[in-house]
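Below: the structure, in structure tokens.
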2 protein chains.
Amino acid sequence: MPKQSANEIAVRIESLLKRNRLSVTDSRRKILQLFLEHTGAMAHGDIEKGAGEKFDRVTVYRTLQTFVDKGIIHIIPTADNSIRYALCKDDCGEGHHHDHHIHFVCNHCNKTYCLDDVVTPDIKLPRGYSAGHVEVVVEGICKNCQ
Amino acid sequence: MPKQSANEIAVRIESLLKRNRLSVTDSRRKILQLFLEHTGAMAHGDIEKGAGEKFDRVTVYRTLQTFVDKGIIHIIPTADNSIRYALCKDDCGEGHHHDHHIHFVCNHCNKTYCLDDVVTPDIKLPRGYSAGHVEVVVEGICKNCQ
DNA sequence: AATTATTTTGCAACTGTGTTGCTTTTTTAT
DNA sequence: ATAAAAAAGCAACACAGTTGCAAAATAATT
Ligand SMILES: [Mn+2]
Ligand SMILES: [Mn+2]
Ligand SMILES: [Zn+2]
Ligand SMILES: [Zn+2]
């Protein structure tokens, strides 16, 4: 994949917003850009800082919520109760997330990764239970920290 | 298993505390009792309410933290960022939790269950990643809500 | 391009959760 | 019974997240 110019990225961001019937605003552009130029997942704090204190805290909360609702980003649960967000790469849309990959939290660098190629396993539940979504978070040492 | 008398339970609680080298106090007794007479997991709020507003909020926090540290209870992560606690049934101890079961959250009654008999699956990770703990939370409809 | 309608933002104020320092009370050891 | 150690309660605080509302920005219409 050739490296994209800043302009190409901007176009891509705008089209992503329009495709989701969202007004194109500074905060949405900036926050989407952060996600695109970031590999791992981001905590709310990272995003607030990354946006350069240019936007109000409330705007960041509302923007993230909007993106989750539209299926643009998804939430990653962690044991320490600190929500992380990451871009959806599957065919998620308004009202339906289809993220079937697992998540990895590195104990060393503390980064959170979407392992898009590792699908969630089938879990055999006891009689009477029926499964909807399965969430898997693996904790360990990541590629870069070995 | 024969139904235990109130007295038998009290003895069991006290011995559990002593085994973990913890002073036997009212709050610890009461909170352990809540866990024992409860099937599912409990949120902090449930515990605070269940204890009958008899103890300070801070005491409840500190008691739960102590129990987690000692390997008496474990934390269950959820997507909505609300921590739940449940008794450890495996051989957990101070500094080492060994809870290898999965967790189930019912979308209907909103209860959280430890499925002690369902062990966490082996996850095949991409080259370079090494797994430590694996956390699985399944969301769906529970036995009682079908 | 200008006007209007709609949506989003920022601000302030508030709520809820969890933490910390310190004093008093309770529990444990002697 | 006394002394030492641990835990509880209180007050104050820090921090995350929410809400209502007026101002600003964006989108739709003329
Ligand atoms: Mn993901
Ligand atoms: Mn459990
Ligand atoms: Zn790492
Ligand atoms: Zn249920």
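Treat the numbers as computed from the prediction; the structure is a model and nothing was measured. Proteins come first, then strands; the chains are lettered A, B, ... in the order of their sequence lines, and each starts at number 1.
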### Message
Does A:Lys18 form a salt bridge (Lys or Arg N to Asp or Glu O under 4.0 Å) with A:Glu14? I'd like the steps, not just the answer.
### Response
CA-CA 6 Å; A:Lys18 291 212 167 132; A:Glu14 189 164 325; 3.1 Å; yes
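Counting distance only, with no hydrogens placed and no angle test, the side-chain atoms of A:Arg62 and the base atoms of C:dG10 include a donor-acceptor pair under 3.5 Å.
In the hydrophobic clustering of ILVMFWY residues, with side-chain heavy atoms under 4.5 Å counting as a link, B:Ile13 and B:Tyr85 come out together.
Taking CZ of B:Arg84 as the start and CD1 of B:Ile75 as the end, the distance is 13.0 Å to the nearest 0.5 Å.
Separating the CG atom of B:Asn20 from the P atom of C:dT27 is a distance of 19 Å, rounded to the nearest angstrom. As a whole-Å value, the separation of A:Asp69 CG from C:dT7 P is 15 Å. One interatomic measurement links the two molecules: CD1 of A:Ile83 to C1' of C:dT17, which rounds to 14 Å at whole-angstrom precision. C:dT9 atom P lies 14 Å from atom CD of A:Gln65, rounded to whole Å.
In the set C:dT27, C:dA13, C:dT9, C:dT27 carries the atom at the smallest distance from any side-chain atom of B:Ser23. Proximity note for A:Leu22 (side chain, C-beta onward) versus C:dT8, C:dG21, C:dG18: the nearest is C:dT8.
In this structure, A:Val105 belongs to a hydrophobic cluster whose other members, linked by side-chain heavy atoms under 4.5 Å apart, are A:Val137.
Nearest-nucleotide positions on DNA chain C place A:Asp56 closer to the 5' end than the other of A:Asp56 and B:His44. Toward the 5' end of DNA chain D, the nearer of the two residues A:Tyr61 and B:Arg57, judged by each one's closest nucleotide, is B:Arg57.
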Side-chain donor/acceptor pairs under 3.5 Å, residues 121-131 of chain B, sequence neighbours excluded:
unit_1	atom_1	unit_2	atom_2	d
B:Ser130	OG	A:Gln146	NE2	3.4

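Residues forming a side chain to side chain contact (heavy atoms under 4.5 Å, CB included) with A:His38 (at least two apart in sequence, or on another chain): A:Met42. Qualifying salt bridge (charged side-chain N to carboxylate O under 4.0 Å, His left out) partners for B:Asp26, counting only residues two or more places apart in sequence or in other chains: B:Arg29.
In 5' to 3' order, the nucleotides of DNA chain D bounding all contacts with chain A (an atom under 4.0 Å from a heavy atom) are D:dA16 to D:dA27.
Taking the six-membered ring where the residue is Trp, the centroids of B:His98 and B:His133 are separated by 6.0 Å or more. Two rings, from B:His44 and B:Tyr61, have their centers less than 6.0 Å apart.
Of the residues in residues 24-37 of chain A, those placing a heavy atom less than 4.0 Å from an atom of DNA chain C are A:Thr25, A:Ser27, A:Arg28, in numerical order.
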